[in-house]
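Step one of this worksheet: look at the structure below.
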Amino acid sequence: MRLQAPEHTVDFTFDGRRIRGVPGEPVAAALLANGIKLVARSFKYHRPRGVMSAGSEEQNALVTVGRGAQAEPNVRATTLEVAAGLEVWSQNAWPSLRYDVMAVNDFVAPFLAAGFYYKTFMWPRSFWEKLYEPVIRRAAGLGALSGAHNADTYEKGFAFCDVLVIGAGPAGLMAALTAARAGADVILADEDTAMGGRLLREHEQIDSRPAREWVAEVLAELDAMPNVRLMTRTTVTGAYDQGTYGALEHVAGPRMPDKPVACFWRIVAKRAILCAGALERPIAFPNNDRPGIMMASAVRSYVNRWGVVPGNAVAVFGNNDDVYLTARDLVVAGVKVVAVIDSRDGEAVVTDNRHDVTLGGDYPVYTNAQVTGTRGRHALQSITISHKGGTRTIKADCLAVSGGWNPTVHLTCHMNGRPTWNEEIASFVPTPDSVPGLVTAGACNGTFSTAGCLIEAAEVAAQVAGGLGLKPKVTVPVADDVAYSVTPLWAVPGKGRKWIDFQNDVHVKDIKLAAQENFRSVEHMKRYTTQGMAPDQGKSSNVVALAVLADATGRGIPETGTTTFRPPYVPVPIAAMGAGSQGKGFAPQRFTTSHQASVAQGAPMIAAGLWYRPSYFPLKDESHWRQSCDREVGYVRNAVGVCDVSTLGKIDIQGPDAAALLDFVYINTFSTLKVGRVRYGLMLREDGHVMDDGTTARLGEMHFVMTTTTAAAGQVMRHLAFVLQVLRPDLDAKVISVTEQWAQFAVAGPQARTLLNTVLDQEIDDDSWPFMACGAVRVGGVAGRLFRISFSGEHAYEIAVPARYGESFFRILVAQAEVLGGGPYGMEALNVLRIEKGFITHAEMHGRTTAYDLGMERMISAQKDCIGKAAAARPGLLGAERQQLVGLRAKGADHALTAGAHLFARAAAETRENSQGYVTSVCYSPTFGTYLALGFLENGRARHGEVIKLRDHLRGISEEVTVCDPVFFDPTGGRARG
């Protein structure tokens, strides 16, 4: 129920039932206000579960939002905002939430103990694929995706600041205010819909006035500052290198087609202050998972902040002073408190102004007492307590539990840091300097009083600002300063399962069983029981589980250790991290400058890497692609052909050490290359396998242009950047991709020079442009570059002009080629030409081949070192047993070969064990009138002339082929050089 009628309400639905809520409040609050306590089912046993917390640490109340393609599963009802028309659905239950068939698992729980899946489904072996795995996969999981394309919009953003303050509770507000007043550029990020943290739910005083007034005043001042950005609904999800933080910002309001759902930020901060507060932890007592059993701080949140009462008769159980704080707030709100159960010795309980039970309350206080049982299937009905006077049952429909507080240390562990155990607060606190540039303050640092949080945050922020060269002035308001007192109580003895991880259905006995079966390491226990592996990542349950494991193994909690916290802190939709990459954004369509001209000629466009290139250029009387391909090959072999090769990676390399960089990344030497010349190079990975090949031209003493394959352009660019930053930071060289800046065209064939002389401002000949020459040219007054290189084996050139001239220049080249009896050629013809010549592409450089396999081992210079040189000489990467590049020739035009087929000795059975190699590239060669192929064959270079079998089991093709040199056409290279 609600404490008072709200002024404005909207309707949404839960499992089809209309619910009235207040816009902006969490769905969990609206459900509780309408008397709905059963919200979800647990993962393993499908036990009834209700709302437990009031934040992102929620373990139970996971729901699905929307339906169809927009359905989003596993959303926390505690953070999901109420909006008109919102559709919310329970999950992990069938046919309904109240009557769930899979709840039968709860009755057979003794057979489904922790680790049962490791032992149960091993026999009979044949049952795994046919029975066990299908059933397990069908039962596994929580919410389900629709499988349909989601049209929701997500965004990504980049932000930079001097100081990033994470969390906007009392410590975060004080830290942001201190840094901002000093002049720092500040980003204050908080996951809640409103800033203020726990001050929004507590009745505290700051400067002798309600704390909420101080919060409003600070936020108004911060909002008015031009050097401050306030980011609500923004969860900092991870800490990364060099002061980079990931953050997920949810957009308020219902989903709309023109409005993003969320934005994933990359925030780069010079310094960061973590003020993430603390999370209340539960106590493991028998049947402590009934709907209606909640964290005490959550009960105060719903009552004090949203005016929602979780129950008509509320009991409070805990091991610290928060039990009295919760009881006081409930009494002030007019809620009936039926009992306060304090597990501590009555004489040790410190009485202070928060323990005043005379505020109209008339309820018993039980000290040295514990809750030993509960009743109620779909909602809590009563609790059983044990105290000095014996045992008694108390009717209650809500139980507020507080087992103490755990500082939110997660972000400090994201770079392999480990927290430190603090005996005084019975929890872990951050270890200093775990994340470079990040400091902690407030409750996340183990300081739990409001006054302590404000003082610590101001001091830390002043130190951070001073480190940035600023001069802060520290002014700290006066606030409540009540000491935190807790006597650890992890688990209550007694019959019944005592739940620790509520989402994954892990209880105390599971932890003890893990220890009994020698899974004593905390990481082994985690995987054996799945504790802490639910969507909440053990935010509330981890410390309790560690304490139980420590007890079971006879160790202390510090010696037991902690599990590893990894980003993200809260679940992040993949669509948010990959914003802009949906649909065509996932693989952007990149068009060459000649794209429209190619399409106008009827060329089918095919994907080549990230680009679209023409497959072939059909004529009206051609009905099959092979006809067009054969004709285009004839252009190049007999006249002249034009091909757009702009998609090849072009990397500009300049600087005094540019040549040294090339020597280091290529297996052959480039420092000896003369200006105006081009050289072919092969590049290895660090493991000795081939990464890429291409030509590099020297345009000046300190100026090179590297050409890469289309497929590996991005990979090579990243590789060069890594070399300069990590492997050879001593080199004075700069690299930049200029692929999009130049339109480049291959002009190949006997008439290639004749064609170029019709478009160049100056005439060229063999003397001025010998084979592998390069230099500047002009085309109609436009500065360009000309390279005499060939990927076809013919007399050929590649000419580059600025991209803005690409389309018109392509049309001119094609027109001139047609006058000379040639024309454009596409990817199909290009592939035939390069196979005839034995040139390799990434079909052969597929990541598992070496320079030796390709027959290029002699290119590895003995005079210098290079990346991959030592690794390439390892045993096993050399020798006749390796599969080596060979050519394969079919018997005739009717004998088709296929890429992917395997190679066998002529007399061998065509089985996997007898495979001696495989085919990488195939074409029909009009030049030779037969099928040709490139492939890899064991000891292939010594087997030229041998007849072997080619077998494609998938397509049912079996052919005999002759092994030969991979260079079929013009093996001496006279045509290219002439």
Side-chain angles (χ1 to χ4, degrees), residues 1-41 48-56 58 60-98 142-146 148 150-153 191-194 232-233 249-262 291-292 294 298 301-303 305-311 378-379 535 570-571 573:
M1 65 177 183
R2 296 188 185 274
L3 294 174
Q4 60 183 16
E7 295 181 3
H8 180 54
T9 61
V10 294
D11 288 341
F12 70 98
T13 61
F14 176 67
D15 281 350
R17 172 184 169 184
R18 182 176 295 180
I19 305 295
R20 183 155 292 179
V22 177
E25 73 176 354
V27 165
L31 295 177
L32 291 171
N34 286 271
I36 299 175
K37 293 192 175 182
L38 177 60
V39 178
R41 292 278 179 166
R49 294 285 163 81
V51 175
M52 185 176 178
S53 69
S56 63
E58 177 61 30
N60 289 341
L62 303 186
V63 296
T64 296
V65 182
R67 65 171 71 196
Q70 290 189 313
E72 182 178 352
N74 300 330
V75 178
R76 288 162 176 76
T78 52
T79 59
L80 175 64
E81 296 178 53
V82 168
L86 184 70
E87 290 183 288
V88 182
W89 306 90
S90 61
Q91 54 188 38
N92 202 37
W94 183 87
S96 68
L97 178 61
R98 192 172 185 84
L142 295 170
L145 294 170
S146 67
N150 184 2
D152 285 338
T153 301
E191 67 180 357
D192 206 339
T193 58
T232 56
R233 300 181 178 86
E249 179 186 16
H250 288 282
V251 178
R255 298 189 178 196
M256 300 176 64
D258 59 341
K259 193 174 183 180
V261 175
M294 304 172 62
S301 291
Y302 291 112
V303 171
R305 181 174 177 183
W306 293 297
V308 172
V309 180
H378 294 136
V570 296

Presence of salt bridge, D192 and R305, under 4.0 angstrom = yes
Check whether any side-chain heavy atom of M294 lies under 4.5 Å from a side-chain heavy atom of S53, and answer yes or no.
-> no
Less than 4.5 Å apart, any side-chain heavy atom of P73 and any of L62?
-> no
Do any pairs count as a side-chain hydrogen bond (donor to acceptor under 3.5 Å, both in side chains) and have a residue in residues 75-84, sequence neighbours left out, and if so which ones?
-> E81-R233
Separation of [Y] [atom2] from [X] [atom1] (nearest 0.5 Å):
X	Y	atom1	atom2	value
Q91	L97	CD	CG	10.5 Å
F12	L80	CZ	CG	8.0 Å
I19	T9	CD1	OG1	12.5 Å
L38	S90	CG	OG	8.0 Å
E72	T64	CD	OG1	9.0 Å

Just grab all the salt bridge (charged side-chain N to carboxylate O under 4.0 Å, His left out) pairs involving residues 22-35, residues at least two apart or on different chains.
->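 Applying salt bridge (charged side-chain N to carboxylate O under 4.0 Å, His left out) to every pair that reaches into residues 22-35, excluding sequence neighbours, yields R2-E25.
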Side chains of T13 and E87, donor plus acceptor under 3.5 Å =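 Checked: T13/E87 side chains show no N/O donor-acceptor pair below 3.5 Å.
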Backbone N or O of A61 within a donor-acceptor pair of the R49 side chain at under 3.5 Å?
-> no
If only atom types and distance count, is the side chain of N60 paired as donor or acceptor with the main-chain N or O of G50 below 3.5 Å?
-> yes
Only one of V27, L86, V63, N34 passes side chain to side chain contact (heavy atoms under 4.5 Å, CB included) with F14; say which it is.
->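 Single pass found, and it is V63.
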What is the minimum heavy-atom distance between [X] and [Y], and which atoms define it?
X	Y	result
G311	K37	CA-NZ, 4.2 Å
A30	V82	CB-CG2, 4.0 Å
P26	W306	CD-CE2, 3.4 Å
V51	A28	CG2-CB, 3.8 Å
S301	A54	CB-CB, 3.9 Å

Non-neighbouring partners of D152 that pass side-chain contact (heavy atoms from CB on, under 4.5 Å), sequence neighbours left out | Q70, N150, Y154, R255, V261
